[in-house]
Every structure is written in structure tokens, then in C-alpha cells.
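The structure displayed is predicted, hence computed values, not measured ones.
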Amino acid sequence: MKKGTLKQILLITDGCSNKGEDPAATAAIAYQQGITVNVIGILDDDQTEEPEGLHEVEDIALSGGGVSQLVYKQSLSQTVQMVTKQAMTQTLQGFVNQELKQILGPKQSMEDLDPEKRGEIMEVVEDMGETCDLEVLVLVDTSASMHDKLPTVKEALIDLSISLNARIGRNRFCIYSFPGKRKDIQKVFDWSPKLDAISTIFPKLTSGGITPTGPAIREAMYQFGKKSLLRSLRDEDEPNVEEAGY
Amino acid sequence: MKMNQTWKKQDIELKPGMSLNGKWHKFRYMIKRKLGSGAIGSVFLCECNGKEYALKISDNSTSMTMEVNVLKSLQKVQGNRLGPSLFDVDDWVTPHGIKYSFYVMEYLKGETMASFIKRNGSAWIGVFMLQLLEDLERLHQSGWVFGDLKAENLLVLSSPPRVRWIDVGGTTQKGRAIKEYTEFYDRGYWGMGSRRAEPSYDLFAFVMVFLNLYFPKRFNKGPNAEKVLYAKINEVKALKIYSPCLMKAIQGKYQSSAQMKNEIANTMYKAQKTHTSSKQTGRTQKVRTKTKSPVIVETGGIFLLALFYYLSSLLVP
Ligand SMILES: Nc1ncnc2c1ncn2[C@@H]1O[C@H](COP(=O)(O)OP(=O)(O)OP(=O)(O)O)[C@@H](O)[C@H]1O
């Protein structure tokens with residue numbers, strides 16, 4: 001089986017966007033480009049119900065083909081890695097489902113198969129999840145209210161790299177914050193296989209007043225290499241030069 | 001694609017007395033009561049053809065399929081059963097047309113290790129250690145690592161007392177990334193190693209299972225996590241004799257569960273011997289001969305008990 005690279009944006013925020021285009025729309029564009037958008041909404045300790053402002057979180061992930069989760073900052077580490085892994089499975093399963101439709105017809109999906117066959121297919125999905133390469137662009141909201149949450153975010157990201165680096169497949173991470181000084185996003189940490197070096201950079205993050213989530217996702221999209229797994233899988237019928245030698 | 005965008009709990013409430021029919025294999029299950037619920041799905045006690053089973057049901061077909069795959073792999077491991085044995089895997093469509101996945105497994109009737117030890121004393125610690133290490137060894141031998149080893153995933157069955165695993169959802173093939181873990185039991189969280197599935201990962205969690213018995217509210221890692229762990233191990237009297245082994249496991253120094261099991265067994269043996277001889281010295285000859293046998297019965301009790309249950313676990317299929 002051809003090995004591909006999964007691409008994800010992991011958006012970590014605690015509020016609603018208030019500048020620029022609708023983030024759900026930009027997430028939909030990213031998804032079209034083969035980049036999954038996952039969103040984690042951090043709740044304040046005194047927030048008990050789902051706050052209005054964080055409604056957006058689910059919408060962005062839905063149109064970005066990803067996973068979303070609201071969480072108190074104490075459980076951020078476990079959530080970040082679960083969201084990332086679950087989104088990987090979801091993406092791969094989506095791909096497998098498409099293949100199944102080709103074989104079995106448009107109305108068929110994995111759930112329509114008997115449990116034994118489902119088990120065999122799931123094994124393939126799990127194998128792919130373990131061995132595929134992964135690129136995660138972390139997009140951290142650094143608007144004022146996030147200030148006291150940043151140390152926890154840092155811990156969670158280091159923890160994420162511990163989890164993902166236990167996989168067989170390779171990983172690359174980078175971190176951007178938004179709003180940037182003059183631009184929509186600001187590079188915090190360039191593409192790298194590990195995140196343990198971020199300890200020194202994180203305390204320097206400054207916080208701004210606005211939350212341009214939509215523009216930030218759009219910019220983030222351009223930070224990935226051109227080829228993506230979904231794309232390459234969709235275009236499978238027209239083999240390109242890169243695969244010809246494989 | 002039908003999958004939960006978030007994994008907020010969506011508990012399915014099945015009422016006692018109702019029945020559900022499997023879509024594929026057509027077995028009929030009568031629900032008796034709820035046993036509990038986890039991150040994915042709920043577990044019910046049910047009856048089929050006069051026998052009791054535990055039935056786990058969820059709308060997350062993906063996760064259920066992954067769990068079933070693990071259970072199936074474990075059935076292939078020879079010897080004592082690792083995890084509940086699997087009876088059936090099927091789907092259920094409600095009268096409203098909503099689809100659920102479920103699987104049916106052996107119903108394990110038991111209590112938590114904590115409540116067992118509370119009633120029966122910490123002499124049982126060693127017994128459970130040996131039993132767990134033996135199961136882990138067999139699991140590791142067959143190419144798997146338990147992953148999410150924790151107090152909640154263990155049950156003590158009675159007569160004879162035997163620890164069994166219930167939730168095997170975290171079980172991962174060796175060399176891969178641990179599928180599921182709980183922070184307190186995770187060596188990655190404590191900064192004591194990777195999250196790659198290898199025997200030493202389970203042995204770390206194994207130590208935390210026994211620490212959790214004595215610190216049910218758990219504890220924080222603080223700035224020097226390693227030190228905290230050592231301090232906690234040495235703080236518990238009931239774990240005293242095992243502490244050198246527990247320390248080694250925390251540091252990832254055991255290559256296999258078998259190695260750790262041997263050292264624990266040796267420790268128990270030695271503890272019994274030194275205990276006996278220290279009681280003997282300082283007594284007069286006369287007194288000693290008088291009390292000799294009761295002393296041996298008392299101090300040897302721990303070890304003999306352990307040995308007995310260890311052996312019987314080997315013999316009972
Ligand atoms: N085979 C079984 N026999 C008896 N009781 C069981 C069995 N399987 C599960 N249970 C009960 O049901 C509860 C829920 O189990 P389940 O495996 O769904 O999740 P969990 O271990 O609580 O959590 P998670 O899925 O989040 O790891 C258990 O705590 C246990 O009490």
C-alpha cells in the first residue's frame with residue numbers, strides 16, 4: 001500500500017473569532033486541499049455549560065473534516081493527543097470508505113458490512129494510522145484571555161509529540177500563533193520532528209486583542225507542502241511522475 | 001462519514017427486561033441490568049439461552065471494532081484467559097432505525113482489588129503481583145502490550161481469588177504507539193519513558209496499580225516526578241519488601257515480566273526466611289522450640305499462600 005502523509009491543523013482557542021472571514025468556511029477550503037482541521041476549545045474553570053462563543057468550535061471541525069472537543073485546561077494533554085489520533089483514524093477511514101464504495105457501490109459503507117469484514121478493514125485502517133507520516137500545524141490563539149492558559153498548552157504540545165513519536169510513521173510539527181504582529185499568523189516554531197525545544201519560546205508569546213480565526217486558518221493552509229494524502233488518493237487514477245517510480 | 005465528531009458520552013439506556021436481536025447472527029439477548037459505562041459505550045448484564053453474559057454496546061462502530069479485534073487476538077493466546085472471552089459480535093437496529101454495535105463477552109463477577117485487600121489483608125498483594133506478572137508475561141510473549149493497565153481495569157474473581165483484566169481496549173501490538181492510557185499510570189506523563197508499546201511500559205503501570213491502592217486520591221508529579229515516585233513507594237509499609245523491584249520497574253530496568261516475577265517471588269521467599277530467623281534469634285532455646293512451629297506458620301503464611309495460589313493458577317485451566 002502506498003504510504004501517504006496526513007495533514008492536520010490543530011486549532012487551540014478559548015473564544016469566538018471576531019475578525020475576517022467565517023472560520024468554518026476557511027476550514028472547508030482547507031479540507032478541500034486535503035488538510036483536516038481539528039479544534040480544541042479550552043473552557044475556563046468556572047464555565048459549566050457550553051458557552052455561546054465556543055459553538056464555533058464544533059462548526060469549524062465539522063466543515064474541516066476533523067474532530068472537536070471542549071475541555072478544561074487540566075485535561076488538555078490527554079485531549080490533544082486523543083483528538084489528533086481520532087482525526088487520523090477518521091481521515092483514513094473516510095478514505096477506506098471511498099474505496100469501498102468503488103468496490104461495493106455508492107450506498108455501501110463500512111457499517112453495512114458484517115462485523116467480521118469490518119474487523120479486517122479496521123485492522124488495515126489501524127496499520128495505516130500507525131505507519132503513515134503526519135504533519136501537524138498547531139495554531140494557538142494568543143488573544144488576551146488565553147494568557148494564563150499558555151503554559152498548559154505548552155505542556156500539552158510537548159506531550160503530543162511524545163505520543164506521536166511513539167508511532168512507526170514519521171511526524172513533523174510546527175506552531176503558529178494568531179493574531180500575529182503585523183500578519184494574521186506568526187511563526188513560533190518551524191517544522192520539526194519534535195516539540196521538546198518549545199519550552200524556551202512559549203513564555204515569549206505576547207497576547208493581542210482580536211481573534212482572527214478565519215484568516216489564521218487560511219494562512220496556516222499555505223504552510224504545508226503542496227502534495228497531500230487526500231489529494232494524492234483522489235488523483236489516484238491519473239498517476240503522476242512521483243508515483244511512477246514506486 | 002458517520003462518526004462522532006466529538007466523543008461526548010452518549011449513553012444508551014437499555015431497560016431491564018427488554019430484549020435485543022442481533023442483526024447478523026440473530027441471537028436474542030435479554031437485558032438484566034447495567035454494569036457500568038466507559039469512554040465508549042455502556043456494559044449491561046444480559047441473558048442468552050439461559051446463560052449470563054456482559055454486553056457492551058455503543059454507537060461508535062469504529063472503536064467497538066478495534067476493541068473486538070483485540071479481544072479476538074487475545075483469545076488466540078494459550079493458557080489462562082487474558083481478558084473476558086468473546087461470545088458474539090453484532091449490530092442492533094432500534095425500532096426507530098438507529099444502528100448500534102455491540103459485542104457479548106464472558107461476565108466476570110468480582111470486586112476491585114482495593115476492596116478485596118481491605119477485607120483480606122495486604123498478604124494478598126504478593127499474590128496479585130505474581131498473577132498479574134504472569135498474565136503480562138504471556139501477553140508480551142504473544143506480541144502485545146496491555147497499555148491501559150489500571151485499577152479500574154482489574155477485577156478480583158473469587159474462589160480461588162484471581163485477578164482478571166476487564167477492559168482490554170488499550171492493548172497494543174509491540175513496537176507501536178500505546179493506543180489508550182491514563183495519565184497517572186503512564187510513564188510518558190511522568191517523564192520516565194516513551195509511549196511505545198514494550199513490556200517495560202506495562203511494568204511501570206503495574207507499579208502504579210499498587211501505589212494507587214494506597215493513594216486512592218492519587219498524587220501530583222511536581223517538579224521532580226521521579227523523586228515523588230520513589231518517595232511514595234517507600235512510604236507504604238505493605239510495599240516495603242517489594243520496593244527494590246518496584247523501583248527497578250519504574251526505571252524501566254526489567255526486560256520482561258518474567259524477570260520481574262522471579263525477583264518478586266525471590267523477595268517474598270527471602271522476606272519469609274529473614275523474618276523467621278530474626279524472630280528466632282534473641283529467644284531462649286526453650287522458648288524457641290516451643291513457639292517454633294506457630295512462628296513458621298505465621299510468617300511463612302504469606303509466602304505459602306502466595307505459592308499456593310500461584311501454583312493453583314497454573315493448574316486450574
Ligand atoms: N466482562 C465484564 N464482566 C463484568 N463487568 C464488566 C465487564 N466488562 C465491563 N464491565 C463493567 O462495566 C464497566 C465499564 O466497562 P468498559 O470496558 O466499558 O469501560 P471502562 O473500563 O470503565 O472505561 P474506558 O472504556 O473508558 O476505559 C466496567 O467498569 C465494569 O464494571
- Query: When rounded to the nearest 0.5 angstrom, what distance separates CD in A/Glu111 from OG in B/Ser101?
  - Reply: 7.0 Å
- Query: Once you round to the nearest 0.5 Å, how far does NZ of B/Lys72 lie from CD of A/Glu123?
  - Reply: 9.0 Å
- Query: Of the backbone (N, CA, C, O) and the side chain (C-beta and beyond), which part of A/Leu113 lies under 4.5 Å from a heavy atom of chain B, both, or neither?
  - Reply: backbone
- Query: In this structure, are over 12 heavy atoms from other groups packed under 6.0 Å from A/Lys101 atom NZ?
  - Reply: yes
- Quick one: what part of B/Val68 sits under 4.5 Å from any heavy atom of chain A, side chain, backbone, both or neither? neither
- Item | Test log, rule side-chain contact (heavy atoms from CB on, under 4.5 Å), inputs A/Gln78 and B/Tyr189 | CA-CA 10 Å; A/Gln78 283 225 308; B/Tyr189 167 78; over 6 Å; no
- Sort B/Tyr181 into side chain, backbone, both or neither according to what part of it lies under 4.5 angstrom from a heavy atom of chain A. both
- Message: Minimum heavy-atom separation for B/Gly175 and A/Ile168, please, with both atom names.
- Response: O-CG1, 3.9 Å
- Message: Within a 6.0 Å radius of atom CG on B/Asn49, are there more than 12 heavy atoms belonging to other residues, nucleotides or ligands?
- Response: no
- Turns out that what part of B/Thr182 lies under 4.5 Å from chain A's heavy atoms comes down to backbone
- Output for pair (B/Thr172 OG1, A/Glu130 CD), nearest 0.5 Å, gives 8.5 Å
- Check: A/Ser75 and B/Glu183 side chains under 4.5 Å, non-hydrogen atoms: no
- Task: Quick one: pull up CG in B/Asn69 and CD1 in A/Ile121 and give me the separation to the nearest 0.5 Å.
- Result: 11.0 Å
- Do you know the tightest heavy-atom contact between B/Thr65 and A/Gly119? CG2-CA, 3.4 Å
- Is chain B contacted by the side chain of A/Asn38, its backbone, both, or neither, given a heavy-atom distance below 4.5 Å? neither
- Note on the structure: CD1 (B/Ile178) and CD (A/Gln81) are apart, to the nearest 0.5 Å, by 11.0 Å
- Task: Could you go through the side-chain contact (heavy atoms from CB on, under 4.5 Å) check for B/Val89 and A/Arg118 one step at a time?
- Result: CA-CA 11 Å; B/Val89 186; A/Arg118 215 181 290 161; over 6 Å; no
- Rounded distance (nearest 0.5 Å) linking atom NZ of B/Lys23 with atom CG of A/Asp114: 9.5 Å
- Query: Is there a donor-acceptor pair under 3.5 Å between the side chain of A/Arg167 and the backbone N or O of B/Ala177?
  - Reply: no
- So, do B/Arg176 and A/Asp127 sit near enough that their side-chain heavy atoms are less than 4.5 Å apart? yes
- Heavy-atom distance under 4.5 Å between the side chains of B/Lys99 and A/Asp112, does that happen here? yes
- For the pair B/Arg195 and A/Ser163, evaluate side chain to side chain donor-acceptor pair (under 3.5 Å) and give the outcome as yes or no after the intermediate values. CA-CA 6 Å; B/Arg195 290 198 182 116; A/Ser163 275; 2.7 Å; yes
- Which bit of A/Glu126 is near chain B, if near means a heavy-atom gap under 4.5 Å: side chain, backbone, both or neither? both
- Of all heavy-atom pairs between B/Gly188 and A/Ile162, which one has the smallest distance, and what is that distance? O-CD1, 4.2 Å
